[in-house]
2 protein chains.
Amino acid sequence: MTFQLYKIIFANERLFCYIMSRKEEILEQAALLISEKGYEATTIRDIAESVGIEPSSVYSHFDSKEDILWEIALSCANQFIEGITSIVESDLTTRSKLTAMIIAHVEILTRNLNAAAIFLNEWRHFSEPRRSDFAHLRDIYEAKFRAVIAQGIEQNALREVDEKFGALTILSALNWTYQWYKPSGEMKPKEIGEKLAELLLNGLVKPF
Amino acid sequence: MTFQLYKIIFANERLFCYIMSRKEEILEQAALLISEKGYEATTIRDIAESVGIEPSSVYSHFDSKEDILWEIALSCANQFIEGITSIVESDLTTRSKLTAMIIAHVEILTRNLNAAAIFLNEWRHFSEPRRSDFAHLRDIYEAKFRAVIAQGIEQNALREVDEKFGALTILSALNWTYQWYKPSGEMKPKEIGEKLAELLLNGLVKPF
DNA sequence: GTCTATAACAAGATAGAC
DNA sequence: GTCTATCTTGTTATAGAC
């Protein structure tokens, strides 16, 4: 396989020199274009052009357009699930667990903003059985939030809300961040996560 | 203009016999298809077929595919804005105002589920100047939430949250309902709105 | 207002040379 | 692995008969 020096990434004030394969380049450009214009509006020609190759060359790396979408969404799903698993299994208090899970979610989402937009919005373009497989992955993730909420209610730390409804409301609030988050904005992901956790856990109303 | 008897709608246990014009039929079917498959994936042929006319006949009612999208999204935006204006201008307490606004939002969203999905997700397919006009409409709506939150903080009824952040979080939680709401489900829109308002206003954590 | 027919073009995908 | 060239299909939109 041929590699090419593609980009230099600054992260956490350390310099990484990352060698990106052609396949990864295609995935990154596809994620950018699909998140901006949507799956159907993004053509193989668009993707090829932004990478700097001919459309037919894309088919040396992927068998179909849907395969590209699948790899982006699956990688994102795995990052979300892996990102909170150790927190869920820790022995933190419910409150700390939920806060850490919310921060982790926002950090993963903002770090993979394009892929996350696809994870959240473009799954309907999967044909079966991928569509079902994907729904299953999302449910595994949501179930981890439900379990922590149920545990919190049992331990008398949370109010007696419906855990399914609670998990959905939390994830709803978190997932919308991709609609307005800008890497250049004032708030850093961790800060956004902290503020969201604070608001969702304590509510908007002033206690007596 | 020719009208045709199209459908019988049961609502609030009263029977309405509604005469729907061809144009309204096209709008309804387009909203259904676009909300399911997305704007680009929905073709004029799909829409025409589901209405039972030829593709070219659609162009007797609309000048372009984008015009159809625009009418659906604009009508939805106006419903949202009109739905909360009288509440915002009332002299209810902040808490009651926000609860009423949240319930109204969920009711409008669930009553126009397909149009709302388009309002929330398909606006990127507008070309300028529509895209900017649409963003302006959404901001007018969000500003009403921000204003109520700011008023609530001033009156010491709400905790001192960033009003922009608070409004975004509320609307995020509300807007995701279109992803999981089913008219056949157990919870009615008003109940969903009440539970969401309760959760967002009081928070998940048990007070001391 | 709806139809048939078609223009004008862009899409995903493949074949075969290098 | 990438290219040029091309196939097949599907797209929006229009012209003109009824």
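What you see is a predicted model; the values in this text were computed from it and never measured. The chains referred to below are lettered A, B, ... by the order of the sequence lines, with proteins before strands, and numbering in each begins at 1.
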Where do E128(B) and S132(B) land on the side chain to side chain donor-acceptor pair (under 3.5 Å) test, with the steps shown first?
CA-CA 6 Å; E128(B) 294 293 354; S132(B) 300; 2.6 Å; yes

What is the bend of the helix from dG1(C)-dC18(D) to dC18(C)-dG1(D) when you compare the axis at one end with the axis at the other, using five pairs each and rounding to 10°?
0°

For atom CD of E25(B) and atom C1' of dT2(C), their distance in whole Å:
13 Å

Cation over ring face, K65(B) and Y39(B), 6.0 Å, 45°:
yes

Whole-Å distance separating the CD atom of E49(A) from the P atom of dG12(C):
13 Å

Tell me whether the rings of F165(B) and W180(A) are parallel (<30°), tilted (30 to 60°) or perpendicular (>60°).
perpendicular

Look at E198(B) together with K195(B) and state whether they make a salt bridge at an N to O cut-off of under 4.0 Å.
no

Look at the rings of H105(B) and F145(B) and say which category their plane angle falls in: under 30° parallel, 30 to 60° tilted, over 60° perpendicular.
perpendicular

Just wondering, more than 12 heavy atoms not from D139(A) lying within 6.0 Å of its CG?
yes

Figure out the CD1/P separation between I34(A) and dG12(C), and round it to whole Å.
10 Å

Rounded distance in Å - CZ (R45(A)) to C1' (dA13(C)):
9 Å

Report the C-alpha distance between S75(A) and N78(A) in whole Å, list the side-chain angles of each, state the deciding distance to 0.1 Å, and finish with yes or no for side chain to side chain donor-acceptor pair (under 3.5 Å).
CA-CA 5 Å; S75(A) 151; N78(A) 286 331; over 6 Å; no

Start at the 5' end of DNA chain C and walk down; is the nucleotide closest to I53(B) or to D46(A) reached first?
I53(B)

Kindly state which residues belonging to residues 54-68 of chain B come within less than 4.0 angstrom of DNA chain C, counting heavy atoms of the residue only, listed by number.
E54(B), S56(B), S57(B), S60(B), H61(B)

For W70(B) and F134(B), take the angle between the two ring planes, folded into 0 to 90°, and tell me which bin it lands in: parallel under 30, tilted 30 to 60, perpendicular over 60.
perpendicular

